[in-house]
Number of protein chains: 2
Amino acid sequence: MVTLAEVARHAGVSASTVSYVLSGKRTISTPTRERVERSIRELGYHPNAGARALASSKSNIIALMMPLRTDMYLPVMMEIAIAVATTAREHAHDVLLLTGQEGPEAARRVVGSGLADAMILMDVELEDQRLPLVRVTPRPAVLIGLPSDTTGLTCVDLDFAATGRRCVDHLAELGHREIAVVGEAAAVYERRTGFAERTVRGVRERAEELGTRVLHRPCDGSYESVAGTLARIFDERPGTTGIVVQNEAAIEPLLSLLRQQGRAVPEDVSVMAVCPEQVAAGTSVPLTSVAIPAQEMGRLAVELVMARADAGAGRDQAAVPPRIELLPPTLTVRGSTGPAPTPR
Amino acid sequence: MVTLAEVARHAGVSASTVSYVLSGKRTISTPTRERVERSIRELGYHPNAGARALASSKSNIIALMMPLRTDMYLPVMMEIAIAVATTAREHAHDVLLLTGQEGPEAARRVVGSGLADAMILMDVELEDQRLPLVRVTPRPAVLIGLPSDTTGLTCVDLDFAATGRRCVDHLAELGHREIAVVGEAAAVYERRTGFAERTVRGVRERAEELGTRVLHRPCDGSYESVAGTLARIFDERPGTTGIVVQNEAAIEPLLSLLRQQGRAVPEDVSVMAVCPEQVAAGTSVPLTSVAIPAQEMGRLAVELVMARADAGAGRDQAAVPPRIELLPPTLTVRGSTGPAPTPR
DNA sequence: GTGAAAGCGCTAACAT
DNA sequence: ATGTTAGCGCTTTCAC
């Protein structure tokens, strides 16, 4: 294994000079720098990560915790993870993947051991078990999702309340007066992250302002469940002409069922979804949708956590104030929504 | 920050004793051990990862590379990643997530710097760019997938050829004499991993033995594409009564289209898939399928890489011989396959 | 602009 | 069964 000392000898300089060439923390004369860089290349030198971490007390590793609790939609998680990894590399950091089964102690472990010097928490619950640790730890952390008490925390998420409002606006503009929300599984509402509620709250809020009627039904993604949900919707509210779906798994079954029932989309009923762009564009009927900006969330989380890490290095405590960053919803109109049918 | 030396002082022992209590590499008297363990708890000591890595030249980190090239089905990747992380923890290792955009150099970087002491490569191509490095590096590596030349490599994958054969067997037993394969996107066959070809080869092989006719069509997952593919299939082979799908995205559109065309499943046409269990069980018609054992693949990859790592520590070179581990296909019969209809 | 040297916290001989 | 000690390879004062 090639060491810094060997590079130094090969280049005829001291170890510290090599170190400074690498870090750029000191001005080096061009000839010296070039000599060192040449030696590095010729010897195939790679700085030892452990030694670096020990000497600098910085690991250049971000821990990404994804508990993967219930029925979280894996592709979105995955997209976020990819965006986090990509962005982290742009900041010369790597990503350590922590999954759920180790529990909140995983965070304590990686931070306590200095393995990671920052962390990003996904799949945040309203009363997340990891929050006490996050509030106490000196390492910067960013949550993807919104707990009920955000005091002192930095969070990133889609603005689901605004998303709900935006959906109602769109349907109302098209003349729809009775709309239904096909939501996430009941379990998601009961014990979880709050994002589903936030959407529904947004929907209700705007619907009230506009005098639109709303029926909300949780729904797990199975074909049977969607069939039952749909039946109940048209049973209770035969006049329903607009449907907002916030449940990736329910989308195809829903479209398929409407087709079978002879309800044309969007002529008889308008359907819109809160889901990743890719999903909305790939369905049997391309769906008008509000995107779940997985990439942006991942990227932003890293940028925020790095900003705090850099500041923390300068001043003693986090000089960057905590921050709640709610991404504004973006609605894309595709083929699945249209003017409300004129009642017979 | 609490150090080992502080723990030693607090427990009234030497540093090495604390170290040995931690590693278990030396027998410690029960009273001493208990005293040390108590001090560790009381002081809230966490061994410093960097110092450990430096002193022992082992980082206890496995790098997981997922290039995420083309249209790989993200949920499967994700499941594998989760299984890898979980299993790694059982071996006291953590997982570093490397994505594609850094290219093959990422492997060189993490291994060269000692950041990772083993690696698992996903999404392996037939002529994978990373293979030269893997063959040269002293660190143990395991591939998930099969390149064209496996000399000296340890690989894990589903036995796709056997999977193809198994599918034909199942349909043939039910009396089907003309079957179609709806495959992955053409791009997958052209520039990629070989798994899709292996399935088709298995299908052809067994079909030939049994005198079954086979029509194979690549297909990207879009609704239009599936519609076109299906039309061509029944156009060219009106007698087709069995369909094997190897393309998660194509499944729902396919079922939906068959329904629209008035072809009942499985009365008129039997459909079976090569896909994760979860997908097969959740479709509008539960699908007879061969599972993609994502979890097992992830777990096995870690077990194999750890076995090589442990052996490498003992002897000089890898004492554990390279190994190709092809998981046998498991077919689960659900509602979507049945006896071939008697020709009119 | 460059060097010398003191650690960073731990592991693993080498002692006893 | 336990203690002593020499590094592991790098960063970063301090000195010139």
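In what follows, every chain begins at residue 1, and chains take the letters A, B, ... in the order their sequences are listed. Worth knowing before you read on, the calculation uses all heavy atoms, side chains too, and leaves out hydrogens, waters and symmetry mates.
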- Item | side-chain contact (heavy atoms from CB on, under 4.5 Å) partners for Leu326(A), two or more places apart | Leu146(A), Asp157(A), Asp159(A), Arg198(A), Ile324(A)
- Under the salt bridge (charged side-chain N to carboxylate O under 4.0 Å, His left out) rule, collect the residues that match up with Asp128(B), sequence neighbours excluded. Arg69(B), Arg130(B)
- Message: Need one value for Gly114(B): base, sugar-phosphate or nothing, where a base atom within 4.0 Å counts as base even if backbone is also close, heavy atoms only.
- Response: nothing
- Contacts of type side-chain contact (heavy atoms from CB on, under 4.5 Å), residue Pro322(A), not counting sequence neighbours: Thr154(A), Arg308(A)
- Spacing of Ile120(B) atom CD1 and Leu96(B) atom CG [to the nearest 0.5 Å]: 12.0 Å
- Query: How would you list, by chain and number, every residue that makes a side chain to side chain donor-acceptor pair (under 3.5 Å) with Ser16(A), sequence neighbours excluded?
  - Reply: Ser14(A)
- Query: With sugar-phosphate meaning primed atoms plus P, OP1 and OP2, does Ile28(B) contact a base, only sugar-phosphate, or nothing at under 4.0 Å between heavy atoms?
  - Reply: sugar-phosphate
- Message: I need the CE-P distance between Met1(A) and dC8(D), as an integer number of Å.
- Response: 12 Å
- From Leu98(B) atom CG to Leu68(B) atom CG, the distance as rounded to the nearest 0.5 Å: 11.0 Å
- Note on the structure: Those residues at least two apart in sequence (or on a different chain) that pass side chain to side chain donor-acceptor pair (under 3.5 Å) with Thr3(A) are none
- For residues 14-40 of chain B, pull every pair meeting salt bridge (Lys or Arg N to Asp or Glu O under 4.0 Å), keeping only residues two or more places apart or in separate chains. Arg38(B)-Glu42(B)
- Message: Using a 4.0 Å heavy-atom cut-off to protein, can you give one letter per nucleotide of nucleotides 11-16 of chain D, 5' to 3': B if the base is in contact, S if only the sugar-phosphate is, - if neither?
- Response: BBB---
- Task: Walk along DNA chain C from 5' to 3' and tell me the first and last nucleotide with an atom closer than 4.0 Å to a non-hydrogen atom of chain A.
- Result: dG1(C) to dG9(C)
- Would you classify Ser57(B) as touching base, sugar-phosphate or nothing, given that sugar-phosphate means primed atoms plus P, OP1 and OP2, and contacts are heavy atoms under 4.0 Å? nothing
- Message: Over the length of the helix from dG1(C)-dC16(D) to dT16(C)-dA1(D), how much do the five-pair end axes diverge, rounded to 10 degrees?
- Response: 30°
- For atom CZ of Arg9(B) and atom P of dG3(D), their distance in whole Å: 14 Å
- For Val111(A), what residues pass the side-chain contact (heavy atoms from CB on, under 4.5 Å) criterion, not counting sequence neighbours? Met119(A), Thr137(A), Arg139(A)
- Note on the structure: side chain to side chain donor-acceptor pair (under 3.5 Å) filter on Ser148(A), not counting sequence neighbours, yields Glu127(A)
- Provide, to the nearest angstrom, the distance between the CZ atom belonging to Arg33(B) and the C1' atom belonging to dG3(D). 18 Å
- Task: Determine which pairs satisfy salt bridge (Lys or Arg N to Asp or Glu O under 4.0 Å) with at least one residue from residues 89-104 of chain A, sequence neighbours left out, and list them in order.
- Result: Arg89(A)-Asp94(A), Arg89(A)-Glu102(B), Glu90(A)-Arg299(A), Asp94(A)-Arg109(B), Glu102(A)-Arg109(A), Glu102(A)-Arg89(B)
